[in-house]
Amino acid sequence: MKFTIHRQSFMNQLANVTRAVPVKATIPVLTGIKIVAQEDGITLIGSDAEISIEAFLNIQDEAYQLEIIEPGSIVVTARLFSEIIKKLPTDIITIETDEQYLLTIRSGQAVFNLNGIDGQSYPHLPEIVAESTLELPTLLFRDLINQTIFSASNQESRPVLTGLHLSSSDHFLSGVATDSHRLSRRMIPVKYSQEELNFESINIPKKTVQELSRIIEDEDQLKMMVADKQVIFTMDNLVIYSRLLEGNYPDTNRLIPQDHQTEIVVDSQEFLAAIERASLMSHQGKNNVVQLDINDQKVELLVNSNERGQASEIIEVKSAEGDDLKISFNPDYMKDALKSFGPIDIHIGFQTPVRPLLLTPAEKNENESANNQLLQLLTPIRTHY
């Protein structure tokens, strides 16, 4: 194998593919990246068995300045290879291998030799047969991921909760993530009917959607294929393969409260700043708890005495209605929830001090359909204040 290529353009695709490569793996070959040179271009593959990312560098794309001198394939240590490419001195580099799978990188006066292995020893990517390919609204789908996935669980005891639950209905997709202490849900409109969407619900691992969100560009045309136990996302010259999480996702719709005994409307950025100030003190205690005291339309944020001290702040609200209430919550969960909305006014609805509180936009955009909504649900912390 031998080819020359533009270093930075090569590095950009290498960085995307390396996202799937684990630092350690039970199958040692998976710590490597597979490079395949063919007459029409270069294919790069990285995988951790759960998620695989494949990039194709087309010889017709002038950005790569690619010249294939000899076809072939090799697997080489991903992270070291990437670091070397990143630091090479010239714009055009030469990469070649010999019969003993020794890979040589040349850039100006710099020469690196890396031991590789036969490309045929790398696991084959899954072959997925899907009934149809769905074109997704790129920006909205990325928003759906970023506004929900932080609520997914990190506990492997319930694997199905460690990812994004994506469900379909006529002309919209709903994304839900929960760790049983908090819940995030975003709905987005799509152009497909339920029959065209060809799946009712799937559970996508957290890493898959996080990497997809980081890789995808605004102008990319994002497509999705769903098949038995697998999902594929494609964009331009990149393909992401992922297994699906097995198991039945809980019915989260029944957790969303429909009415509230107490309601406030706050500026999300001002409330976020107050929560961040309060958490400076709450993080000093053992329990990391912040209390919200709503009394006669006055709203106060409190961190009660711990070994380092206490804090309080009167919160400016746009409105406050309903019963007086004292409720405690994890400030870090509240910060994540508030950040997901951006700089808008937020409606927070409360039932009782021990029932979940609900965050939604205070005003619905006239151009926004009923199926283009974001909500955040937080379970309060029981305290003895």
Side-chain angles (χ1 to χ4, degrees), residues 50-51 128 130-132 134-190 192-214 216 222-233 240-258 333 336-337 339-341 356-360 369-379:
E50 178 181 276
I51 174 176
I128 294 183
E131 293 181 7
S132 62
L134 309 173
E135 185 177 332
L136 299 175
T138 302
L139 297 179
L140 284 179
F141 193 71
R142 186 170 62 188
D143 286 345
L144 181 152
I145 293 169
N146 293 336
Q147 292 172 325
T148 58
I149 196 59
F150 57 82
S151 289
S153 175
N154 295 316
Q155 304 298 320
E156 292 296 334
S157 56
R158 294 190 69 184
V160 73
L161 296 184
T162 62
L164 176 71
H165 178 69
L166 195 66
S167 59
S168 68
S169 188
D170 267 351
H171 303 293
F172 79 93
L173 291 175
S174 174
V176 175
T178 183
D179 60 5
S180 76
H181 300 293
R182 54 179 170 171
L183 180 147
S184 303
R185 187 182 76 186
R186 173 70 196 269
M187 296 181 179
I188 62 170
V190 293
Y192 302 102
S193 67
Q194 175 70 64
E195 185 175 325
E196 291 171 316
L197 284 165
N198 82 18
F199 72 94
E200 186 173 332
S201 65
I202 55 176
N203 303 309
I204 310 173
K206 178 188 290 191
K207 181 178 179 180
T208 301
V209 293
Q210 285 178 326
E211 298 303 347
L212 174 64
S213 174
R214 292 175 183 132
I216 193 171
L222 179 63
K223 296 181 180 180
M224 180 176 73
M225 290 181 285
V226 179
D228 183 39
K229 299 181 180 180
Q230 295 282 337
V231 62
I232 291 182
F233 294 99
I240 298 178
Y241 302 78
S242 175
R243 71 173 180 86
L244 294 172
L245 297 170
E246 297 185 33
N248 295 319
Y249 206 82
D251 180 10
T252 56
N253 289 328
R254 61 183 178 82
L255 302 176
I256 312 300
Q258 301 302 313
Y333 290 177
D336 286 340
K339 288 175 184 176
S340 72
F341 289 98
L357 55 95
L358 181 67
L359 287 77
T360 55
S369 72
N371 295 328
N372 188 11
Q373 300 174 349
L374 171 66
L375 64 81
Q376 304 287 350
L377 193 71
L378 270 66
T379 300

Looking at [X] and [Y], what are the two nearest heavy atoms and their distance?
{"X": "Pro189", "Y": "Pro137", "value": "O-CG, 3.8 Å"}
{"X": "Thr148", "Y": "Arg186", "value": "CG2-N, 3.7 Å"}
{"X": "Leu359", "Y": "Ala337", "value": "CD2-CB, 4.2 Å"}
{"X": "Asp179", "Y": "His181", "value": "OD1-N, 2.9 Å"}
{"X": "Leu197", "Y": "Ser168", "value": "CD1-CB, 3.4 Å"}
{"X": "Pro356", "Y": "Pro257", "value": "O-CG, 4.5 Å"}

Heavy-atom side-chain contact between [X] and [Y] under 4.5 Å:
{"X": "Leu212", "Y": "Ile145", "answer": "yes"}
{"X": "Asp336", "Y": "Arg182", "answer": "yes"}
{"X": "Leu244", "Y": "Phe199", "answer": "no"}
{"X": "Ile216", "Y": "Phe141", "answer": "no"}

### Heavy atoms of other groups near Glu135 CD, more than 12 under 6.0 Å
yes
>> Does Asn248, at its CG atom, have more than 12 non-hydrogen atoms belonging to other residues, nucleotides or ligands within less than 6.0 Å?
In response: no
Which of Lys206, Arg243, Lys207 passes salt bridge (Lys or Arg N to Asp or Glu O under 4.0 Å) with Glu50? Answer is Arg243
So, the side chain of [X] versus the backbone of [Y]: is there a donor-acceptor pair under 3.5 Å, distance only?
{"X": "Gln230", "Y": "Ala227", "answer": "no"}
{"X": "Ser213", "Y": "Gln210", "answer": "no"}
{"X": "Gln376", "Y": "Leu374", "answer": "no"}
{"X": "Gln147", "Y": "Ser340", "answer": "yes"}
{"X": "Tyr249", "Y": "Leu164", "answer": "no"}
{"X": "Ser151", "Y": "Thr178", "answer": "no"}
{"X": "Arg185", "Y": "Asn253", "answer": "no"}
{"X": "His165", "Y": "Asn203", "answer": "no"}
{"X": "Thr360", "Y": "Leu375", "answer": "no"}

(message) Applying side-chain contact (heavy atoms from CB on, under 4.5 Å) to Met224 and Leu166, what does each step give before you reach the verdict?
(response) CA-CA 12 Å; Met224 180 176 73; Leu166 195 66; 4.2 Å; yes
